[in-house]
Structures are given as C-alpha cells and as structure tokens.
Amino acid sequence: MEGKTLAEKLAEAKGAPVSEDDVVETQVEADAPAAASEAAPVPKPEAPAEQDASDTAAIVRAAKAQREGAAPQQVATKTCLIVDDSRVIRKVSSKIAKSLGYSPIEAENGEEALARCKKSMPQLVLTDWEMPEMDGLEFVTKLRAIPTPHAPTIVFCTSKGDVADIHEGINAGADDYIVKPFDEPSLRAKLEQLAAK
C-alpha cells in the first residue's frame with residue numbers, strides 16, 4: 001500500500017476502481033487543510049463567560065486601587081448644625097452629634113445659622129425656637145426656601161411643647177420635635193431613630 005494516494009487507499013478498501021479524478025480531488029482536499037493551517041493560526045477556544053466576569057472584576061478592583069493610590073478621595077463628612085442661644089445646650093448637643101458620626105457646627109441664632117447654611121448645607125440641623133435676632137420658626141421657614149439637592153433633616157429642640165407649637169414647627173418644615181428639658185439619652189435616641197429612616 002506504500003506510495004498509494006489517499007483516494008487509492010479508500011477505493012481499495014471499498015473495493016471500487018479508482019479514477020484519476022478521484023486521486024486529484026482527494027489530493028486537493030488533503031492539501032487544503034494543511035495550507036490553511038499554515039496561512040492562519042488556529043483560533044483558541046473562547047473563555048467561558050464566568051471567567052471573563054471574574055477577570056473584569058479583578059481588573060476593576062486593581063484600577064480602583066491604583067486610582068485611590070494616585071489620588072486619594074476625600075471622605076465626605078456629615079455635618080450637624082446646632083442652633084441655640086444657650087452655650088450649654090450647644091455643648092451637650094455637639095457631644096451627642098459627634099458620637100453619632102457628625103461634625104458639629106454651632107450658631108447662636110437663626111440669622112447666623114442661615115448664613116452658615118447658605119455657605120455649606122449641613123445634613124442635620126438641631127434648632128431652638130426662642131432665640132434673639134431670628135427665631136427658630138423663621139429660620140426653619142427660610143432654610144426650607146433655599147434650593148438644595150439634599151435637604152437637611154431638621155429637629156426642633158425647644159421648651160415650646162404645646163400641641164399647637166409642635167404643629168406649627170412641623171408645618172414650618174421641621175422633620176421632628178423634642179421638648180426641653182431633654183437628657184442625653186432621649187436626644188441620642190431621637191437622632192438614631194431619624195438616621196435609621
């Protein structure tokens with residue numbers, strides 16, 4: 001069988017006579033794949049989709065790590081504006097706000113508080129009602145009129161505890177109300193409750 005073409009071997013195995021056309025046609029077919037493999041590399045099988053996803057996730061993590069290493073981003077601080085003409089109340093409220101992760105800012109009256117809000121809007125505002133210059137009710141009404149993408153949470157902390165007062169304070173734009181005198185645990189509980197909403 002040595003020296004015979006593929007067509008001759010196949011025909012011989014079938015027991016059929018071999019024509020010259022069969023020899024040429026089979027030789028071309030046999031040579032074609034070899035020529036094709038020399039011309040272009042055999043494509044590698046595609047990686048499964050899961051592999052691509054995990055590779056992408058790893059690449060994204062590496063890119064973020066590189067970006068943060070090159071230019072560290074500033075962590076946004078939550079601010080709490082405490083508005084009260086009593087220094088003692090501001091001090092107690094600041095301590096509680098700080099323990100809840102806020103950076104406290106203080107103001108003695110509504111006018112000063114409004115100026116601070118126009119400069120940089122806080123996330124939380126604790127305000128008294130009865131203050132000189134501008135009272136808490138006027139302050140809250142004007143604060144709610146300032147256009148801002150993130151409106152602050154406002155809590156009245158005041159000795160005005162009648163039902164009518166609470167309704168008036170909430171209607172002015174406050175989110176909650178706590179009546180003085182309050183102790184540290186009650187103010188903390190109120191702020192934790194608001195943060196959870």
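Bear in mind that the values here come from a model prediction, so they are computed numbers and not experimental data. Start at 1 with the first residue, then count along the sequence.
To the nearest 0.5 Å, atoms OG1 (T158) and NZ (K180) are separated by 6.0 Å. Considering OG of S186 and CD1 of I178, their distance stands at 4.0 Å, rounded to 0.5 Å.
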| query | Can you list the steps and then say if L81 with E106 is a side chain to side chain contact (heavy atoms under 4.5 Å, CB included)? | reply | CA-CA 6 Å; L81 176 61; E106 297 180 16; over 6 Å; no

| task | Would you check, one step at a time, whether the test side chain to side chain contact (heavy atoms under 4.5 Å, CB included) holds for V125 with L143? | result | CA-CA 10 Å; V125 176; L143 177 58; 4.1 Å; yes

| request: Decide side chain to side chain contact (heavy atoms under 4.5 Å, CB included) for I154 and R144; before the verdict, give the C-alpha distance in whole Å, the side-chain angles of both, and the deciding distance to 0.1 Å. | output: CA-CA 10 Å; I154 302 173; R144 285 301 189 209; 3.4 Å; yes

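At least one side-chain heavy atom of C117 sits under 4.5 Å from a side-chain heavy atom of F139. Between C80 and L126 the shortest side-chain heavy-atom distance falls below 4.5 Å. Annotation: side chain of P132 is in contact with side chain of D85 (closest heavy-atom distance under 4.5 Å). By the 4.5 Å heavy-atom criterion applied to side chains, K78 and L124 are not counted as neighbours. Looking at heavy atoms from C-beta onward, E138 lies out of side-chain contact with L114 at the 4.5 angstrom threshold. With contacts defined as side-chain heavy-atom distances shorter than 4.5 Å, the pair F156/D176 does not qualify.
V179 and L137 fall within a single hydrophobic cluster, where Ile, Leu, Val, Met, Phe, Trp and Tyr side chains are chained together by heavy-atom contacts under 4.5 Å.
Checking E111, R116, M131 one by one against V83, the side chain to side chain contact (heavy atoms under 4.5 Å, CB included) holds for a single residue, M131.
Using bins of under 30°, 30° to 60° and over 60° for the plane-to-plane angle, the ring pair Y177/W129 lands in the perpendicular bin.
Scanning both residues, P104 and I82, for their nearest heavy atoms gives CB-CD1, 4.0 Å.
N171 places a side-chain N or O within 3.5 Å of a backbone atom of H167 that can act as its donor or acceptor partner.
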